[in-house]
Amino acid sequence: MREPLLEIKNLQKKYPIYGPLGKLFPPKTYHKAVSNMNLKLYEGETYGLVGESGCGKSTTGRSILGLVQPDSGEILYKGKDLTKLSDAEFRPLRRDLQMVFQDTLSSLNPRQRIGQLLEEPMIIQGMGDANERRQKVLDILKMVGLAEDHYFRYPHELSGGQVQRLGIARALIIDPKLIVCDEPVSALDVSIQSQILNMLTSLQKEMNLSLLFISHDIGVVRYISNRIGVMYLGSLVEEAETDELFANTLHPYTQALFASIPDFKKKERKVSLSGELPVYTDEFKGCVFHTRCPHACDKCRECAPELKEVIPGHKVACHLVK
Ligand code: SF4
């Protein structure tokens, strides 16, 4: 059986909700940002994690990089539980695990030139001498479609698309195995989005990278992913290979999400998802989607369905899907 490169098991992360007097008093309750999240990512695949803002996608992605400390659960990378490692133990793995942010510019030092920004991760990882590092920076600039003379420029001189290319270059420069891409194209125009997605796809194949691609945009996720996990209120409600998910959409939330994609032939939207994500606390009972589901019954309000494999490789969490 194929071993996953990364496996997330029962990941949980809660955030406190304070009353009107803020942190003067203990939290009123806790919001479950990630709850019982399970996911496997294989070498060389792109796994798309999709869902509305606030469903826990970014918290999941950031937990992998150690940017968020989960409350419980395991994140196994090549069999090692990342949540149990000390900073010193995690440091060598940082070379394998990288992230591309939505707002790359704010994650960069504005006083550093692009050449320095790209060389810095290699210096931290003790890679090569000055000449080798300079050559690698020039090579990576070319790979991501930036010019040699960008080496001496500052990040604020770049366009939005070029900044994202720089973010990808910075993630790639130390030869990672897995990149978490957190909404990397959401702030870009559609034409630039497709250029960046095409570039990511070809770099992924060339370098045999694994990508966890996080987005609220199902169209973007469909374009780039081999498999898709649909997330709602902190956990997966459906997971399948991309073609299977679109041909055979089973969970009512996924159906509503797909129906929200504009159908340009009909020039109208079909069913839309009404209301917003509820606050998910310990007091919340039943299926996570029952407050918005058109098929919710008493059982749905009392008892949460498990994520079960209903067709080989296709998992769904819904009482109605057998
Ligand atoms: Fe809807 Fe019930 Fe299925 Fe949840 S379990 S998605 S509420 S039908």
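For ligands, and for the atoms within them, numbers begin at 1 and follow the listed sequence. Hydrogens, waters and symmetry mates are skipped; everything else that's a heavy atom, side chains included, is used.
H251 and F258 have their aromatic ring centers separated by at least 6.0 angstrom. Proximity of the aromatic rings of F25 and Y18 is defined here by a centroid distance below 6.0 angstrom, and this criterion is not met.
Under the 4.5 Å side-chain criterion, counting only non-hydrogen atoms from C-beta, D175 is in contact with K136. Side chains of M99 and L67 form a contact here, defined as non-hydrogen atoms less than 4.5 Å apart.
Of the listed residues (T242, N198, T46, T201), just one forms a side-chain hydrogen bond (donor to acceptor under 3.5 Å, both in side chains) with Y223, and that residue is N198.
Listed by chain and number, C287 SG are the protein N/O/S atoms closer than 2.8 Å to atom 4 (Fe) of ligand 1, with waters left out.
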I would like to know whether M231 and C55 meet side-chain contact (heavy atoms from CB on, under 4.5 Å); could you show each step before the answer?
CA-CA 6 Å; M231 207 169 167; C55 71; 3.9 Å; yes

